[in-house]
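Quick notes on the structure that follows.
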Amino acid sequence: MTVHLSRKYGFFAAHRLHAPGLSDEANRALYGKCNNPNGHGHNYEVEVTVAGKVDPVTGRSIDLNLLDALCEQQILAPFRYRNLNKEVAEFLTGNPTTENLATVVDDRLRAVWNEWFSAAGPKLEKIRIWETERNICQVEGQGRTQHES
Ligand code: NI
């Protein structure tokens, strides 16, 4: 039987949302305080959901130490206390909306997932990111990388 396990992580980071194709006025209207020219911060929460079989010996569907180490390497260490627009490669020319951030997290985990877990092991199922209590984005299934390849 397949079970679904979710684990939450948190990091603080700064961003500025700005769409180059829109006027300054339209950007201010669209993004509000997230368009502040000097950026501003969020306490992001990331929930990673995996699907797997329960190991009869351990009673677990995934090695949580491995998942923690993977998330630390791919997401938390590169993002924590950073200015996403200036220090995260995907956002040097990209717009770090909650949607794009969820997609980048999904891509970064999928890119190396098979190096961390066996083919018969747990699968990455879903990413959810809370930018605020009211702004939450979810990415499910195959990531952007898989769709485009
Ligand atoms: Ni913001």
Side-chain angles (χ1 to χ4, degrees), residues 1-20 30-149:
M1 187 174 68
T2 298
V3 299
H4 307 266
L5 183 134
S6 298
R7 193 154 170 90
K8 271 179 109 170
Y9 303 93
F11 65 92
F12 177 86
H15 76 167
R16 183 193 188 210
L17 301 185
H18 186 85
L30 180 62
Y31 297 125
K33 65 184 188 225
C34 289
N35 183 242
N36 180 37
N38 292 318
H40 76 156
H42 288 284
N43 281 310
Y44 289 98
E45 288 190 298
V46 181
E47 182 186 78
V48 177
T49 300
V50 301
K53 307 274 187 228
V54 179
D55 183 300
V57 176
T58 65
R60 308 225 73 149
S61 58
I62 187 168
D63 182 334
L64 291 177
N65 291 324
L66 267 187
L67 183 63
D68 288 354
L70 168 61
C71 289
E72 178 67 25
Q73 176 192 286
Q74 293 296 103
I75 308 299
L76 303 175
F79 292 3
R80 186 186 288 126
Y81 302 131
R82 304 295 179 142
N83 181 321
L84 298 176
N85 301 71
K86 295 182 177 176
E87 298 178 89
V88 172
E90 292 91 333
F91 298 122
L92 295 179
T93 57
N95 197 4
T97 59
T98 322
E99 293 89 331
N100 287 337
L101 192 57
T103 304
V104 165
V105 166
D106 188 72
D107 282 348
R108 281 180 170 235
L109 294 181
R110 282 184 199 284
V112 297
W113 191 266
N114 293 340
E115 298 166 21
W116 289 70
F117 299 102
S118 71
K123 305 283 183 268
L124 179 58
E125 185 169 75
K126 182 172 75 180
I127 300 294
R128 281 210 290 172
I129 293 201
W130 285 253
E131 183 185 79
T132 68
E133 285 300 311
R134 298 174 60 206
N135 191 10
I136 303 148
C137 185
Q138 176 170 319
V139 175
E140 267 185 272
Q142 294 296 295
R144 180 177 57 180
T145 304
Q146 277 74 16
H147 280 304
E148 288 178 352
S149 62

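This structure is a prediction, so every number in the text was calculated from the model and none was measured.
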Mind telling me whether W113 and F117 have parallel, tilted or perpendicular rings, with 30° and 60° as the class edges? tilted

- prompt: Would you say C137 and R128 make side-chain contact, with heavy atoms under 4.5 Å?
  reply: no

Minimal heavy-atom distance between N95 and A19, with the atoms involved, is ND2-N, 4.1 Å

E87 and R80 ion-paired at < 4.0 Å = no

Between V88 and P78 the two heavy atoms that sit nearest each other are CG2-O, 3.9 Å

* Beyond-backbone contact of E90 with R108, side-chain heavy atoms, under 4.5 angstrom -> yes

Report task. Could you check if a side-chain atom of V48 sits within less than 4.5 angstrom of a side-chain atom of I75, using non-hydrogen atoms only? Result -> no

- Query: Is any side-chain heavy atom of V46 less than 4.5 Å from a side-chain heavy atom of I129?
  - Reply: yes

Worked check of side-chain hydrogen bond (donor to acceptor under 3.5 Å, both in side chains) between K53 and S61:
CA-CA 5 Å; K53 307 274 187 228; S61 58; over 6 Å; no

### CZ/R60: more than 12 non-hydrogen atoms of other groups inside 6.0 Å
no

Smallest heavy-atom separation, Y44 atom then H15 atom, equals OH-ND1, 3.2 Å

Do E47 and R7 have side chains that approach each other closer than 4.5 Å (heavy atoms only, starting at C-beta)? no

For this session: Using distance alone, with no hydrogens and no angle criterion, decide if Y9 and D68 have a side-chain donor and acceptor under 3.5 Å apart.
Result: yes

By ring pair (Phe, Tyr, Trp, His ring centres under 6.0 Å), F91 pairs with (sequence neighbours left out) none

Quiz prompt | Row check, W130 ring normal vs K8 NZ/CZ: under 6.0 Å, within 45° | solution = yes

Looking only at heavy atoms, the pair that brings L109 and L70 closest together is CD2-CG, 3.9 Å

